[in-house]
Amino acid sequence: MNKTVNIDWGNLGFNYIKTDYRYISYWKDGKWDDGNLIEDNMLTISEASTALHYGQQCFEGLKAYKTKSGKIQLFRPDENAKRMNNSLSKLLMPEIPVDKFIDACKQVVKANEHFIPPYGTGGTLYLRPFVIGVGDNIGVKPATEYIFVVFCLPVGNYFKGGMTPCNFMIADYDRAAPHGTGANKVGGNYAASLQPHKVAVDRGFADCIYLDPATRKNIDEVGAANFFGITINNEFVTPKSSSILPSITKYSLMHIAEHYLGMKVYERDVPIDNLDVFKEAGACGTAAVITPIGGIEYNGHLHVFYSETEVGPVIKELYRILCGIQFGDIEGPEGWIFEV
Ligand code: PLP
Ligand code: COI
């Protein structure tokens with residue numbers, strides 16, 4: 001493919017860019033069709049679609065990376081496929097075979113190869129798979145038809161500055177209920193996060209941090225990313241909670257911390273009133289990659305971890321290894337990389 005596009009690869013943010021092709025597949029009469037690539041980025045759906053009224057929809061986020069030798073690779077797309085199926089079954093939507101999901105992602109990446117940021121620019125091709133309930137429906141019940149789409153766009157940093165520390169504030173609101181859909185990637189959770197996010201940004205913070213909705217004593221999530229901290233004993237600690245999205249990046253970092261850096265790794269409660277145990281803290285996710293947390297404002301006080309301007313050594317090392325694996329510079333554990 002020799003197509004070129006006029007994009008300033010070094011200055012990409014996290015903004016919509018229309019790329020050339022997206023994959024679309026329809027579910028009707030109990031089955032998914034084969035799906036195909038299309039050029040149109042507009043969807044025409046019934047005004048009575050359950051996705052529009054009752055939030056019957058879910059999505060995923062994963063990235064394609066260009067390696068130094070020019071290969072293209074996906075990072076753990078099978079995990080996104082499984083998590084999407086958890087979201088789908090939670091909202092009584094039809095699951096998507098893992099192979100179909102991965103094949104759709106590969107087709108979209110290949111067709112839009114000219115939109116993949118070159119190796120060394122720091123940019124990646126972000127893939128956004130989603131499923132919506134459609135068709136003529138008005139009662140609060142599952143749709144009878146569904147659409148699965150995967151589109152993509154080149155992205156840079158999610159939080160301004162990328163690997164530079166950001167400050168966060170504790171939200172007064174909850175994004176999910178204790179036994180609700182917090183562990184699923186469904187739009188309703190993000191609708192509930194818009195207002196607390198705005199409050200945080202208006203106050204000069206990068207985003208807000210949610211406490212666990214049952215007790216409001218422990219850290220749950222950092223905006224659209226998971227929280228992790230490095231204790232003064234050099235352990236990797238991350239919240240254990242049923243109301244946070246199980247982050248594929250977080251589980252990858254836990255593996256890296258344990259098997260590449262020899263650290264002890266714990267999923268446990270992270271009390272908001274005991275942050276002194278951490279010498280470094282970060283937010284992690286596909287979009288966020290790793291964003292070092294400079295400080296957290298809670299009860300009118302900014303608790304600073306390593307520094308508000310410098311990145312701590314452990315987070316630097318985790319970032320080096322994670323990105324090294326994703327961009328093909330470091331050998332990853334078996335099964336993490338899918339060549340396109
Ligand atoms: N938490 C939320 C609410 C998210 O939206 C995301 C992004 O996907 C994450 C955490 C990080 O998950 P992952 O590392 O799988 O991208
Ligand atoms: C991701 O990291 O993939 C996300 O979905 C985060 C956000 C952009 C919703």
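These numbers were taken from a predicted model, which means no experiment stands behind them. Indexing begins at 1, ligand by ligand and atom by atom, following the structure's order. Throughout, numbering of the chain's residues begins at 1 and tracks the sequence.
Of all the atoms in ligand 1, the ones that sit under 4.0 Å from a non-hydrogen atom of Asn226 are 1 (N), 10 (C). Every atom of ligand 1 with a heavy atom of Arg83 under 4.0 Å away is listed here by number and element: 8 (O), 12 (O), 13 (P), 15 (O). Near Gly285, meaning under 4.0 Å from one of its heavy atoms, ligand 1 places the atoms 11 (C), 14 (O), 16 (O).
When hydrogens are left out, the protein atom nearest atom 5 (O) of ligand 1 is Tyr190 OH, 2.5 Å; that is the closest non-hydrogen contact. At the top of the distance list for atom 9 (C) of ligand 1, counting protein heavy atoms only, stands Ala224 O, 3.5 Å. Residue, atom and distance of the protein heavy atom nearest to atom 16 (O) of ligand 1 are Thr286 OG1, 2.5 Å. Nearest to atom 9 (C) of ligand 2 among the protein's heavy atoms is Tyr190 CE2, 3.8 Å. From the protein, the heavy atom lying nearest to atom 6 (C) of ligand 2 is Ala224 CB, 3.7 Å.
Around atom 12 (O) of ligand 1, the closest heavy atom drawn from Gly61, Pro246, Ala288, Ser247 belongs to Ser247. Proximity annotation for atom 10 (C) of ligand 1: of Arg175, Glu221, Glu79, Glu221 comes nearest, heavy atoms only.
Polar contact check, Ile248 against ligand 1: a nitrogen or oxygen pair lies under 3.5 Å apart. When only interatomic distances are considered, the shortest N/O to N/O separation between Ala287 and ligand 2 falls below 3.5 Å. Residue Tyr126 places at least one N or O, backbone or side chain, under 3.5 Å from an N or O of ligand 2.
Tested against Glu60 for a salt bridge (charged side-chain N to carboxylate O under 4.0 Å, His left out), the candidates Lys185, Arg83, Arg128 yield a single pass: Arg83.
Residues Leu322 and Leu62 fall into different hydrophobic clusters, defined by Ile, Leu, Val, Met, Phe, Trp and Tyr side chains chained together at heavy-atom separations under 4.5 Å. Val277 and Tyr306 sit in two unconnected hydrophobic clusters of ILVMFWY residues. Membership requires side-chain heavy atoms under 4.5 Å apart, directly or through other members.
In this structure, Lys185 has a heavy atom closer than 4.0 Å to ligand 2. For Lys185, the heavy-atom gap to ligand 1 drops under 4.0 angstrom.
Only the side chain of Arg128 comes within 4.0 Å of ligand 2, judged by heavy-atom distances.
The two atoms that bring Gln57 and Met93 nearest to each other are CA-CE, 3.7 Å, heavy atoms only. When all heavy atoms of Val340 and Val109 are compared, the pair lying nearest together is CG1-CG1, 4.1 Å.
Aromatic rings of Tyr126 and Phe14 (six-membered ring for Trp) have centroids within the 6.0 Å cut-off, being under it. Between Tyr23 and Phe148, the ring center distance clears the sub-6.0 Å criterion.
Note on ring orientation: taking the six-membered ring where Trp is involved, the planes of Phe278 and Phe227 are perpendicular (angle over 60°, cut-offs 30° and 60°).
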Passes side-chain contact (heavy atoms from CB on, under 4.5 Å), Lys63 versus Leu127? Steps please. CA-CA 6 Å; Lys63 286 175 170 174; Leu127 275 76; 5.9 Å; no
